[in-house]
Amino acid sequence: MSKVKNPYLPEMATVQEIIQETHNIKTFRVTLNNEERMKAFSFKPGQVGQLSVFGVGESTFVINSSPTRMDYLQFSVMQAGEVTTRLHTLQPGDQIGVRAPLGNWFPYEDMKGKDVVIVGGGIGMAPLRTLLLYMLDNRDDYGKITVIYGARSPQDLTYSYEFEEWRSAPNMNLVLTVDAEAPGWEHKVGLIPNILLEENPSAENTVAITCGPPIMIKFTLQALKKLGFEDENIYTTLEKRMKCGVGLCGRCNIGTSYVCIDGPVYSFAQLRKLPNEL
Amino acid sequence: MLDKLKESIKAALPELDFVMGWGMGYDPLHATPLYMYEPEDVDNLVWGPLNVHNLAVHLPSLKGKKVGIVVKGCDSRSVVELLQEGLINREDVVIFGAPCNGIVDMSKIRKAVPDAHFVHSVETDDNGLTITTDKDTHKLSLAEVMADKCTRCRFPNAVVADHFVGEKREPTVENDAYEDLESFESQGFEERRDFWMTEMDRCIRCYACRNACPLCVCRDHCVAQSRNPHWVSQRDGVRDKFMFQIIHAMHMAGRCTECGECERACPMDIPVLLLKRKLGTVIHDLFDYDSGLDAEARPPLLAFKLEEESIKEKDW
Amino acid sequence: MAKYLKNDDLGQWLSELGADYKVYAPVQEGDSIAFRPFSKGKALRIDRHATVGPKEILFPACEELLRFSYQKDEENPGRENIQVQVEENATPTLIFGSRPCDARGFDVFDGAFTQCSVKDSYYIARREQAAVVSIACTRTENTCFCNWVGGAPDGTNGSDVLLTPIQEGFVAESITEKGEALLAGSNLLAEATPEQEKEAKALRAAAHESLPEAPDFECMPEQLYGLFDNMDFWEKQSAKCISCGACTYLCPTCHCFNITDERQGNEGERLRTWDNCMSRQFTQEASGHNPRSEKAYRLKNRVGHKFCYFPELHKGHIACVGCGRCIKSCPVSLDIRQVVTSAKECRLPAEDNDNE
């Protein structure tokens, strides 16, 4: 009999806590049922996991907790398809399946000693949060951190209960923005790429990481180029339709690169070398 | 006739994105859809019993383009049906018709010429085909290898055409007697059930039957893959495969023109047209309706009449 | 050390092999030929290619990845516990009557499922227990082009035994140790005479001769990358395609799949089923975005995968075995040879788009 590990078999896990982030995004904190495996579980910021609702299916989400805080694994889920709709009906204590960690990660080792600019839009903040928390927990390893996070309205910002923690970290600049004025909103108003230009972070010894809707990424990339960032120093994490999560089912390839194993994190220098099929 | 057809296409081509017809395919026994973009492409057009494909299947996906299509009589009925259901605009399609003498059924050819995969040359004339393989030569009359639908063809000439070339041909028969269906239905329930269980077991769920159907319009929301509603499971059982065929046939009732593309397209040679023939005869008996003849008509199952003439629901 | 098996003894040999293996062989079913469990008395159809090859024996059209069941928690009735089970059911299996192209398909599967960073335990379990007895082609069909893509009518890759049909029997050669054991295990196989071997050799040489000259596909990756953004080319090549799955499902190398859950009541299965990259839904994302929304993009990816991406990832091996099934079973007779040769002959624009 073959001794190869079954790559499709999820670990059983329990939903411990659910946070309603926005009208259509919920955050799930889960722990693996097998305590030893939970203790031994390790991942790197940017890696993803497949959540299973047995009878409905699996879907891919980034692990948006930090490897430095291993009380639980956290996933934020925007309601869109069949699996996410079903996930949204779960209650604390419910059982799900988890296949994780999958995929590659942000170059958090190479980023040490550098300044970091994080640009997130909407649910795109999820993968950036894991990196941000990791850097905050290893604060001395990184230089200045600028976070520009925007959404359509204040109600569409995720993790708002953490903003104070982020903001109070040393050498950290958190800039929040929404598309239009809103009652009680005391932060910026304007599109993310414009706010980025306004903040004008230096590209010198700096890595930029962006995630959000495709149109935002497109203009953020232009803004970053204007600020003097090179493609090698701009990273994003791709959302693609993934099914198997292990590079075999044939959906998520861009040319020879399989997003579920070679990604989801790519530098724009890498993406430029791939065929134009996002 | 072919030359006239070519001339007529060449004359219309400047106003069109392209014209669909048939050209020679990968071997002398197979034609393939030909897209004519430039006048020189038109020189590759062929006409004859190998033009098996119903090109109307492509029309609904060509929205925004103005295209020409060459049709056989049976194909033209699909065009009418598409017009009827508002799936294409009449002004976006230029129809080229010519009289059809009947087309071949490749399965019959493969039976008559077991070496059909080794064919070297094929000559066709009005009476039949001469097929030469690497081993020998077979003379086949068209009647021997003709598609069943052609043996009962009532419309050998396009029922709608902007340009019709050639002499209109008299139909083979006046009425479809549904003899094939009668003989199938003369069997007992068990025999019929076993027949379908055996035939459908071979299905590989490639959905060539669905995609070759000019009137299968659910496209990307097909019940075969839909999770909501979840009527067909992905389990590998003959029941699920048959379930899809039944749903497909039901959706086609009163719309299907029995062009036979579902069956022709099936790589596993499953006789799925028979199901549609069954519904075809039911529709015919109930509503005295023939699909694909009148672009202004409405398929009976897409309409509601308080009192149907042939459904005596109050008379019992 | 070739052996000889008489035609008349073939059924008996397969019955003998049936003691240790579940034997699959091509038989007539309706108007098609397919691989089915062999039983004595069933007439074999080994005179030509099967309509559908043996791929589903090692990569089933539908397989259960796991089963699950929900039970009420006895202590907390508001809660449900889930049991997940995986059944290992691979058994020794012998595929008889595959053609060298079919067997080479398993070579491609081996590359995809056993040599990438993550290994497919389900495929590996079946593959390890499988034996493949192929029949060399002594006559090539119009749609055959194995020699274009690195194969041959008597190619041995992926097979354990290769039989060459000669007058009244087969010359049998073992390719692997497993194959050697298969041939050694039966008294029905005699030592082949030099005449028999000579006859087999001549027939095989003639089959080689009968194939059209092979184009050089060395340049294909470069050509296909160069044509990637030429949508006019791909729209014309794919114009007649009806986006069905006949080509992919009959292809000995296509191995894309879907994973879906089926549940009834408190139980269900997670299934892996063949999927089809020519279908729009294949890459449809929940957000509504679809990177391959048009058939032109999909054909480009299919051809690209076979002739560019897979070779780049697997030491140059083209993920097409030239069996021709996608051509002859295509409802519109779309010819992949023609697509690939058109791509090969396309003149690429001079490189000037790097500075954009």
Side-chain angles (χ1 to χ4, degrees), chain B residues 18 20 25-35 37 52-53 55 57-58 61 106-108 110-111 114-120 134-135 198-199 201-202 204-213 219-222 225 227 230 233-237 240 261 264-271, chain C residues 29-32 34 47-49 51-52 56 60-64 139-144 210 236 239-250 258-264 269 271-274 276 278-281 284 290 294-295 324-325 327-335 337-338:
Chain B
F18 52 80
M20 296 182 284
Y26 62 84
D27 74 8
L29 195 51
H30 292 84
T32 185
L34 173 74
Y35 281 62
Y37 302 89
V52 293
H53 325 80
L55 304 171
V57 69
H58 295 286
S61 62
M106 283 300 164
S107 311
K108 289 186 188 174
R110 283 198 293 271
K111 271 185 205 146
D115 285 341
H117 293 295
F118 308 93
V119 65
H120 278 192
D134 58 347
K135 294 224 164 109
T198 311
E199 292 292 322
D201 189 39
R202 219 159 55 233
I204 57 171
R205 289 191 290 194
C206 68
Y207 297 117
C209 50
R210 174 191 73 187
N211 291 30
C213 174
R219 307 260 146 193
D220 302 323
H221 307 282
C222 177
Q225 280 112 358
R227 299 276 303 178
H230 194 46
S233 92
Q234 298 304 305
R235 288 190 196 96
D236 199 17
D240 280 299
E261 282 293 87
R264 187 193 65 77
C266 178
M268 302 306 290
D269 287 302
I270 302 171
Chain C
E29 261 200 17
D31 288 342
S32 301
D47 52 317
R48 68 174 184 91
H49 281 199
T51 313
V52 52
E56 67 177 320
C62 175
E63 75 176 303
E64 186 184 296
R139 198 174 169 203
T140 54
E141 298 186 10
N142 284 345
T143 43
C144 288
S210 70
K236 285 190 170 150
K240 62 188 170 187
C241 170
I242 57 171
S243 299
C244 74
C247 52
T248 55
Y249 288 0
L250 296 178
N258 198 0
I259 299 176
T260 46
D261 285 12
E262 298 290 351
R263 178 177 176 177
Q264 59 285 305
E269 315 94 60
L271 302 175
R272 172 196 4 224
T273 47
W274 287 355
N276 164 29
M278 302 306 285
S279 146
R280 190 180 200 280
Q281 286 112 314
Q284 181 69 53
N290 191 337
E294 304 298 326
K295 61 188 179 184
R325 285 193 183 90
I327 307 168
K328 70 181 165 201
S329 289
C330 174
V332 298
S333 299
L334 207 159
D335 187 346
R337 293 171 297 190
Q338 184 256 310

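Letters go in sequence order (proteins before strands), and every chain restarts at 1.
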Sub-4.5 Å side-chain heavy-atom contact between [X] and [Y]:
| X | Y | answer |
| --- | --- | --- |
| B:R205 | C:C62 | yes |
| C:P60 | B:D236 | no |
| C:I242 | B:H58 | yes |

So, for C:G30 and B:E199, which heavy atoms are closest and what is the spacing to 0.1 Å? CA-OE2, 4.4 Å
Can you name the closest pair of heavy atoms from B:H53 and C:S333 and give their distance? NE2-OG, 4.4 Å
Using a cut-off of under 4.5 Å for heavy-atom pairs, which of [options] has the most such pairs with chain B?
| options | result |
| --- | --- |
| C:S329, C:A239, C:A246 | C:A239 |
| C:T51, C:T273, C:I327 | C:I327 |
| C:A61, C:C247, C:A34, C:S243 | C:S243 |
| C:E56, C:E63, C:E29, C:R139 | C:R139 |
| C:T140, C:D335, C:N142, C:V52 | C:N142 |

Is [X] close to chain C through its backbone or its side chain, or both, or neither, when contacts mean heavy atoms under 4.5 Å?
| X | result |
| --- | --- |
| B:S233 | both |
| B:R227 | side chain |
| B:V119 | both |
| B:R264 | side chain |

Under a 3.5 Å distance rule, please check whether C:E262 uses its side chain to pair with a backbone N or O of B:Q234 as donor and acceptor. yes
Donor-acceptor pair, C:N276 side chain versus B:C206 backbone, under 3.5 Å? no
Return the option, out of B:L55, B:I204, B:I270, with the maximum number of heavy-atom pairs under 4.5 Å with chain C. B:I204
Are B:K111 and C:D31 close enough for a salt bridge, meaning some N to O gap below 4.0 Å? yes
